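Below is one structure, written out as structure tokens; the observations come after it.
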Amino acid sequence: MLCSNRAEGFSTHSSLSSPIPTSCFVDVILVPLPVWIALVALAALLLVPNHLITGAFAAETPRLQRPSVLYRIAAGVYYVLIICNILMHTLEIVRLSLIHFGIGLLPFAYVGLLLGAALHWSKGAAGKVPAWLPVNMVVWLGGMIMSIVKVVGLDDEPDLRKGSKYPMSDQVLDVAVIAGVYGVVAALELATGIWRRQSSRMHNK
């Protein structure tokens, strides 16, 4: 079962964490939602001819000026933080499994993290997906927002797991860290995107 041994089942209404839905609903619907939206957006962009995507979302020039040291550091931190969130999600999933709690669709978060890393590294597969940066921002900001919602909901629930291998307080801390990492990744995505856009404009002059 997706939500075995949880205090509440799958429902939009929770008597423990209202107005936040039950933790089962959050882990099955809300946490994976940004990834689903990003995948749908990506599929739509692949179907739209590139010449119809203009303005801010136009394809970047493949060959840009040599990246600065600061840009390289930012890009390095970006990938390290993605790895950190993969590990944090793994930690949460493993610790929930140790107390025989259902993990919902939490593993789906890996899809978003790997998709974002792949789009960033390949620059939207070298221009085939011109508007890849907004797709990534959906993953990062959506992941941050849903994690914050989850933290609020978990923090309102009574800690029925106190003394277990995974107390509620530990999960709240883990998810809060995940939310913070998503936020920093989003900021780095935006910063590196602005640099590439400016570099592309200078190259085209």
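Start at 1 with the first residue, then count along the sequence. Not measured: the values here are computed from a predicted model.
Contact detail for Pro21 and Ser11: the closest heavy-atom pair is CB-O, 3.7 Å. Of all non-hydrogen atoms in Ala179 and Ile148, the two that sit nearest each other are CB-CG1, 4.0 Å. Closest approach of Gly104 and Pro107 over heavy atoms only: O-CD, 4.2 Å. Across every non-hydrogen atom of Phe101 and Arg161, the tightest pair is CE2-NE, 3.6 Å. Taking every heavy atom of both residues into account, Pro158 and Leu16 meet most closely at CD-CD2, 4.0 Å. The two residues Leu154 and Ser23 have their closest heavy-atom pair at CD2-CB, 4.3 Å.
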Go through the steps for Tyr182 and Leu113 under the test side chain to side chain contact (heavy atoms under 4.5 Å, CB included), then give the verdict. CA-CA 10 Å; Tyr182 273 127; Leu113 290 163; 3.8 Å; yes
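Alongside Ile83, the hydrophobic cluster contains Leu87 (criterion: ILVMFWY side chains under 4.5 Å).
Leu96 and Leu160 fall into different hydrophobic clusters, defined by Ile, Leu, Val, Met, Phe, Trp and Tyr side-chain heavy atoms under 4.5 Å apart, directly or through other members. Under the 4.5 Å side-chain heavy-atom criterion for Ile, Leu, Val, Met, Phe, Trp and Tyr, Ile178 and Val94 are members of distinct hydrophobic clusters. Residue Val139 is grouped with residue Tyr79 when hydrophobic side chains (ILVMFWY) are merged at heavy-atom distances under 4.5 angstrom, including chains of intermediate members. Leu106 and Ile99 end up in the same hydrophobic cluster when Ile, Leu, Val, Met, Phe, Trp and Tyr side chains are linked at under 4.5 Å. Transitive grouping of hydrophobic side chains (ILVMFWY, heavy atoms separated by less than 4.5 Å) keeps Ile73 and Val80 in distinct clusters.
Separation of atoms CD1 (Ile194) and CG (Leu133) is listed at 9.0 Å; rounding is to 0.5 Å. How far CG of Asn85 is from NE2 of His89: 5.0 Å, rounded to the nearest 0.5 Å. Distance OG/Ser147 to CG/Asp174: 11.0 Å, rounded to 0.5 Å. With values rounded to the nearest 0.5 angstrom, Glu157 atom CD is found 8.5 Å from Thr22 atom OG1.
Partners of Tyr110 by side chain to side chain donor-acceptor pair (under 3.5 Å), not counting sequence neighbours, listed by chain and number: Thr90. Checked against side chain to side chain donor-acceptor pair (under 3.5 Å), Ser14 has the following partners two or more places apart in sequence or in another chain: Glu8, Ser17.
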Taking distance alone, no hydrogens or angles, what donor-acceptor pairs closer than 3.5 Å link side-chain atoms of residues 185-192 to residues at least two apart or in another chain?
| residue | atom | partner | partner atom | Å |
| --- | --- | --- | --- | --- |
| Glu189 | OE1 | Tyr78 | OH | 2.5 |
| Glu189 | OE1 | Asn136 | ND2 | 2.9 |
| Glu189 | OE1 | Trp140 | NE1 | 2.8 |
| Glu189 | OE2 | His120 | ND1 | 2.7 |
| Thr192 | OG1 | Leu188 | O | 2.8 |
| Thr192 | OG1 | Glu189 | O | 3.2 |

Counting only pairs under 3.5 Å, give me each side-chain donor-acceptor contact of residues 27-40, with atom names and distances, residues two or more places apart or in other chains.
| residue | atom | partner | partner atom | Å |
| --- | --- | --- | --- | --- |
| Asp27 | OD1 | Lys150 | NZ | 2.9 |
| Asp27 | OD2 | Arg6 | NH1 | 2.8 |
| Asp27 | OD2 | Arg6 | NH2 | 2.8 |

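Within the structure, side-chain hydrogen bond (donor to acceptor under 3.5 Å, both in side chains) contacts touching residues 94-107 (residues at least two apart or in different chains) are Arg95-Asp170.
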